[in-house]
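Let me begin by presenting the structure, written as structure tokens, before commenting on it.
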There are 2 protein chains.
Amino acid sequence: MKSTKDKKTEERILESAKRIFYLKGIDGARMQEIADEAEINKAMLHYYFRSKEKLFDAVFAEAAGLILPKVSELLNSEMPLFRKIEYFTDKYITLLSENSVIPAFVIREMNNNPTKFFRIFNKYFSVKPEIFIKQIRKAVDEGEIIPLDPMQLHINIMSLCIFPFIARPLIMNIFGMNEKAFVNFINKRKREIPEFIINSITNKSNKKHK
Amino acid sequence: MKSTKDKKTEERILESAKRIFYLKGIDGARMQEIADEAEINKAMLHYYFRSKEKLFDAVFAEAAGLILPKVSELLNSEMPLFRKIEYFTDKYITLLSENSVIPAFVIREMNNNPTKFFRIFNKYFSVKPEIFIKQIRKAVDEGEIIPLDPMQLHINIMSLCIFPFIARPLIMNIFGMNEKAFVNFINKRKREIPEFIINSITNKSNKKHK
DNA sequence: GTATTAACTAACCATTTGGTTAATTTCTGT
DNA sequence: ACAGAAATTAACCAAATGGTTAGTTAATAC
């Protein structure tokens, strides 16, 4: 092999592609830029991935494959509701912190090209939300939590976890945070969010109505 | 004037540009496409707006000018906290419903080019969040609500309102909604969100500690 | 009516961009 | 060592794209 660098070309391409695509999206990304970043000839991109779209798909699939199965797993784990909300929030925010540009990337591409998005998405996210929804409904029925629409609660949880990552520049700007302050802010949320949610849905008058 | 159409060319360009830019972002949009949609010659785009970027700026500024002042106004309105949360949520969601593609658009462009974003943003969003933050802090101090970080609460409110618009295709897909069901879902949130929040932050043991 | 300006068009241009090709180098198995 | 395969490169290509220009038509002023 020619390259003096340790990693294989294909892997280096994918890594550069990830960085560029995550940051600029498929429309904003340039094949030349990806090649430059990987320090290889542009033709190599096509040699390994045939086209820009295929390369993008590989990147996208990797992002999806990294996040979605874990979300599914968290959502379907067998756990009492409150503990699950705490567990989910903590683990999910940790996961997003470790991949903090992915949410904005996914949201952008989803809105850009929903058709393609769901083709890939459904491949990794076979698990449906019914289990969690059912669990919430059961908790309502048993009077463990106040009456509410399980779907709304589910989406509330997701909103609270994901939104700050998507709106990160805005939040940092408005509240005058630097990188460190933002990380700190996010870490606090791991505990704040479940507290916020559980506070809201707890049935204070502990009478079970059934 | 030549055109048989009622509206002036400049306005028609802006409207087409809005539709295209909102949907595809600055990178995904094509000047030719905007011209086609407006049913005018591509040169007219440059005649009226000089460049793609200037045209985009006009669109972006209009979107910002449409949303941001109203948000500022809502956030700074003088109202008791609970009523304000209810009022804000209702009015803000209504506003976003009427401009339902703007959130995803703004988020995309913000993450694409934060520098430019905040140049325009700060022009329209001069009002800072301090007033609302202070109001929350006061409510905490007076024992009206439980102890909490005002910033976290503020961001929770925003998350709950905005996120569903950004993640709309996802939500519709996962929960099998059609257009109508989604509108319905959003409308319900106008009441669900403030209830959710107020439930969470209300001091149930009504002893004021001061 | 005529001159001047504004609005508009078609054709054109330079650059960028994704993609290809033909030739060369490096690897690998024997 | 050597043949064939895999990896790599530089140069090239066609299409797309933002932008321009020179000329035309329509409106406005006088």
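Computation of the quantities below employed the complete heavy-atom set of this structure, encompassing side-chain atoms and omitting hydrogens, waters and symmetry-equivalent molecules. Each chain gets a letter, A, B and so on, in the order the sequences are listed, and its residues count up from 1.
- Residues B:K190 and B:T94 bring a donor and an acceptor atom of their side chains to less than 3.5 Å of each other.
- Using a 4.0 Å heavy-atom cutoff across all strands shown, B:A29 reaches sugar-phosphate atoms only and no base atom.
- The nearest whole Å value for the distance from the CD atom in A:E33 to the P atom in C:dG18 is 10 Å.
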Protein-nucleotides 19-22 of chain C N/O pairs closer than 3.5 Å?
| from | atom 1 | to | atom 2 | distance (Å) |
| --- | --- | --- | --- | --- |
| C:dG19 | OP2 | A:H46 | NE2 | 3.2 |
| C:dG19 | OP2 | A:K52 | N | 2.5 |
| C:dG19 | N7 | A:K42 | NZ | 2.6 |
| C:dG19 | O6 | A:K42 | NZ | 2.5 |

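- Taking atom CD on A:E39 and atom P on D:dT9, their separation rounds to 11 Å, with Å as the unit.
- Rounded to whole Å, atom P of C:dA6 lies 15 Å from atom NZ of B:K8.
- The distance between atom CE of A:M44 and atom C1' of C:dT26, rounded to the nearest whole Å, is 12 Å.
- Contact annotation for B:Y48: backbone-only contact, meaning every heavy-atom pair under 4.0 Å involves sugar-phosphate atoms and none involves a base.
- Across C:dA7, D:dT17, D:dT9, the shortest atom-to-atom separation from the side chain of B:R30 is found for D:dT17.
- Defined by atom type and a distance below 3.5 Å, a donor-acceptor pair is missing between the side-chain atoms of A:N111 and B:R168.
- Under 3.5 Å, the side chains of A:Q152 and A:N156 contain no donor-acceptor pair of N or O atoms.
- The list of side chain to side chain donor-acceptor pair (under 3.5 Å) pairs with a residue in residues 45-70 of chain B, not counting sequence neighbours, reads B:K18-B:E62, B:E53-B:K116, B:D57-B:K116.
- The distance from atom CD1 of A:I40 to atom P of D:dA7 is 13 Å, rounded to the nearest whole Å.
- Not one side-chain nitrogen or oxygen of A:T9 sits closer than 4.0 Å to the OP1 or OP2 atom of D:dA7.
- Taking the side-chain contact (heavy atoms from CB on, under 4.5 Å) definition, one finds that A:A43 meets it with A:N41, sequence neighbours left out.
- Defined by atom type and a distance below 3.5 Å, a donor-acceptor pair is present between the side-chain atoms of A:D27 and A:N112.
- To the nearest angstrom, C1' of C:dT17 lies 12 Å from CD1 of A:I34.
- Atom CG of A:D27 and atom P of D:dT17 are 10 Å apart (whole Å).
- Side-chain atoms of A:E109 and A:N113 include no donor-acceptor pair closer than 3.5 Å.
- Rounded to an integer number of Å, the gap from A:D36 CG to C:dT17 P is 11 Å.
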